[in-house]
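Report on the following structure.
Lettering of chains follows the sequences in order, A, B, ..., and the numbering in each one begins at 1.
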Protein chains: 2
Amino acid sequence: MPSAPSATDTPSADVAVDEGAAPAFSPLYQQIKTLILQRLECGDWKPGEMIPSENDLALRFRVSQGTVRKAIDELAGDNLLIRRQGKGTFVATHAERHVQYRFLKLRSDSGEAQPSERRVLDCRRVRASADVARALQLRSGEAVMQARRVLLFAGIPRVLEDIWLPGQTFKGLTAERMGSYQGPTYAMFELEFGVRMVRADEKLRATAATADHALLLDVAQTSPLLCVERLSFTYNDAPMELRRGFYRTDSHHYHNQLN
Amino acid sequence: MPSAPSATDTPSADVAVDEGAAPAFSPLYQQIKTLILQRLECGDWKPGEMIPSENDLALRFRVSQGTVRKAIDELAGDNLLIRRQGKGTFVATHAERHVQYRFLKLRSDSGEAQPSERRVLDCRRVRASADVARALQLRSGEAVMQARRVLLFAGIPRVLEDIWLPGQTFKGLTAERMGSYQGPTYAMFELEFGVRMVRADEKLRATAATADHALLLDVAQTSPLLCVERLSFTYNDAPMELRRGFYRTDSHHYHNQLN
DNA sequence: CAGTGGTCTAGACCACCAA
DNA sequence: TGGTGGTCTAGACCACTGC
């Protein structure tokens with residue numbers, strides 16, 4: 001451990017001190033990971049920004065560069081940070097061209113394709129139903145923002161989505177703001193509401209189109225649709241968005257890679 | 001690099017020698033990864049077996065332990081190896097209790113659940129249709145094994161699967177052998193045919209039940225089913241199995257985690 | 001050129017496991 | 001107790017980026 005008594009940054013960094021007896025052993029790099037995570041959570045380092053260099057962090061935290069490296073490696077593996085050789089390490093963001101629509105797994109059968117158009121049909125403040133409240137860890141009846149939109153691929157409506165967001169955090173969200181923003185909606189959430197979606201759980205089912213679906217997706221009633229229910233989380237495993245999508249899977253499919 | 005001239009193991013290990021000018025730079029640990037992969041591919045180290053220790057490999061390959069470590073770390077990340085502290089590093093296998101049914105993402109809505117029963121309806125040698133041949137990289141009309149089975153969850157039929165395998169490799173596969181084997185089918189493939197499935201691509205669609213499906217899955221005709229087309233790969237990204245499954249998603253769902 | 005991440009080493013010590 | 005993987009260090013050198 002370097003002896004330099006300067007550049008102390010985190011007075012709370014009791015790193016490298018094994019206190020007490022009962023608490024389970026925690027490797028140094030895990031503690032460093034936690035410290036970095038705290039900076040991300042509290043918005044100290046924002047999406048798209050560069051974080052201090054490995055050497056810098058090593059000095060601040062009073063550990064070797066290799067230890068910081070391992071911490072950053074794991075965070076980069078979780079898509080929380082992005083390393084760029086020669087440039088630095090950056091906070092991941094949904095705004096990047098390369099990883100845009102990271103959570104949208106619908107592909108055209110012939111290969112790629114991204115939504116060509118987005119139509120926001122509705123966005124309003126409502127009271128949370130029981131299941132929405134449960135998913136978002138709110139009290140039943142609490143205010144939530146509810147939006148509905150259609151995604152078009154090559155001019156054809158393929159996805160109908162209902163979205164629920166905590167009313168507290170997303171106060172002021174309107175159909176206008178959702179529709180006019182260029183780029184992924186999750187990028188807008190970062191920029192305008194300071195919320196970064198980190199991971200998500202999806203539950204998929206096959207369902208029959210209702211009259212509503214049929215109209216909005218331009219298919220026959222009772223025709224099969226892929227129902228995708230997504231719960232997205234920010235830092236700290238806090239649920240921040242519930243989304244129920246209905247996908248037309250004629251000539252498109254949901255692609256999943258299993259390791 | 002240690003100077004010990006002993007314990008040479010791989011005469012082909014030109015590791016640490018940057019030859020030529022044109023070929024792109026390849027880190028040492030990548031080359032080590034390749035060497036380990038070759039051992040796995042050629043069946044030198046079989047599923048479930050322990051591979052040599054890090055120190056042993058470091059000596060064989062004439063590199064430092066840290067370099068071997070990084071190579072193994074990545075292979076473990078890809079689920080090709082499994083590290084067990086205090087015991088050693090092992091070749092991953094589908095036979096392990098903990099990761100059984102790793103590729104089956106169907107869960108009951110109330111939580112977990114694994115298939116309680118497996119009924120093999122059919123297994124025979126046929127000529128590959130055009131699309132099966134394309135997926136498995138065979139010539140159209142070449143021999144393939146084709147099987148059909150039903151998976152039951154808590155006594156209820158939930159999954160109907162058609163499976164296609166290269167006839168060459170899976171010669172001798174019968175319904176009897178598929179049905180009587182205890183444990184995952186992929187574990188049997190490892191044990192009896194020396195084929196380990198490493199990863200898979202899945203394409204999901206919502207479809208309407210045909211008369212066939214209705215009968216075998218005990219649902220009404222045209223009722224929505226989740227169609228899961230899976231292409232599984234062995235080492236070297238060689239396609240080794242095509243599987244088309246139809247899932248009943250009443251009270252069950254396909255679960256996916258997005259990072 | 002300086003600064004960043006990427007690779008590689010050599011050695012120390014720790015945690016875990018089995019005999 | 002000895003062997004295995006797991007952590008941590010300190011320092012060297014390389015590859016990439018941008019000024």
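- C/dC16 atom C1' lies 13 Å from atom CZ of B/Phe90, rounded to whole Å.
- With values rounded to the nearest 0.5 angstrom, B/Met188 atom CE is found 12.5 Å from B/Gln182 atom CD.
- The side chain of A/Arg69 places an N or O atom within less than 4.0 Å of a non-bridging phosphate oxygen (OP1 or OP2) of C/dG6.
- Counting only heavy atoms from C-beta on, B/Ser64 has its side chain closest to C/dT9 among D/dC8, C/dT4, C/dT9.
- Rounded to whole Å, atom P of C/dA18 lies 10 Å from atom CZ of B/Arg84.
- Picking from D/dT4, C/dC8, C/dC17 the nucleotide with the shortest atom distance to the side chain of B/Lys87 gives C/dC17.
- Going from atom CG of A/Asn55 over to atom P of C/dA2 covers 16 Å, rounded to whole Å.
- With rounding to whole Å, B/Gln65 atom CD is found 12 Å from C/dC13 atom C1'.
- Closest approach to the A/Leu28 side chain among C/dC8, C/dG5, D/dT9 is made by D/dT9 (side chain taken as heavy atoms from C-beta onward).
- Of the options A/Arg102, A/Glu241, A/Gln100, a side-chain hydrogen bond (donor to acceptor under 3.5 Å, both in side chains) to A/Tyr186 is made by A/Glu241 and by none of the others.
- Rounded to an integer number of Å, the gap from A/Gln31 CD to D/dG6 P is 19 Å.
- Taking atom CE on B/Met50 and atom P on C/dC16, their separation rounds to 18 Å, with Å as the unit.
- Taking the salt bridge (Lys or Arg N to Asp or Glu O under 4.0 Å) definition, one finds that A/Arg84 meets it with A/Glu96, sequence neighbours left out.
- Ranking D/dC8, C/dC8, C/dT4 by closeness to the A/Ser53 side chain, first place goes to C/dT4.
- Within residues 70-80 of chain A, no residue approaches DNA chain C, by heavy-atom distance under 4.0 Å.
- A close approach under 4.0 Å does occur between a side-chain nitrogen or oxygen of B/Thr89 and OP1 or OP2 of D/dG5.
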Show me the donor-acceptor pairs within less than 3.5 Å that the side chains of residues 86-95 of chain A make with the rest of the protein, sequence neighbours left out.
| residue | atom | partner | partner atom | Å |
| --- | --- | --- | --- | --- |
| A/Thr93 | OG1 | A/Ala95 | N | 3.0 |
| A/Thr93 | OG1 | A/Glu190 | OE1 | 2.6 |
| A/His94 | NE2 | A/Met197 | O | 2.9 |

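- With sequence neighbours excluded, the residues satisfying salt bridge (Lys or Arg N to Asp or Glu O under 4.0 Å) with A/Glu202 are A/Arg230.
- In this structure, CZ of A/Phe61 is placed 13 Å from P of D/dT9, rounded to the nearest angstrom.
- Within the structure, a side-chain polar atom (N or O) of A/Thr67 is placed less than 4.0 Å from OP1 or OP2 of D/dT9.
- Listed by chain and number, the residues in a salt bridge (Lys or Arg N to Asp or Glu O under 4.0 Å) with A/Arg149 are A/Glu161 (sequence neighbours excluded).
- Projected onto DNA chain D by closest heavy-atom contact, A/Gly86 and B/Gly86 fall at different nucleotides, the more 5' of which corresponds to B/Gly86.
- Residues forming a side-chain contact (heavy atoms from CB on, under 4.5 Å) with A/Lys70 (at least two apart in sequence, or on another chain): A/Tyr29, A/Glu74.
- As rounded to whole Å, 14 Å separates atom C1' of D/dG5 from atom CG of B/Asp56.
- Which of C/dG6, C/dT4, D/dC8 sits closest to the side chain of A/Gln85 comes down to C/dG6.
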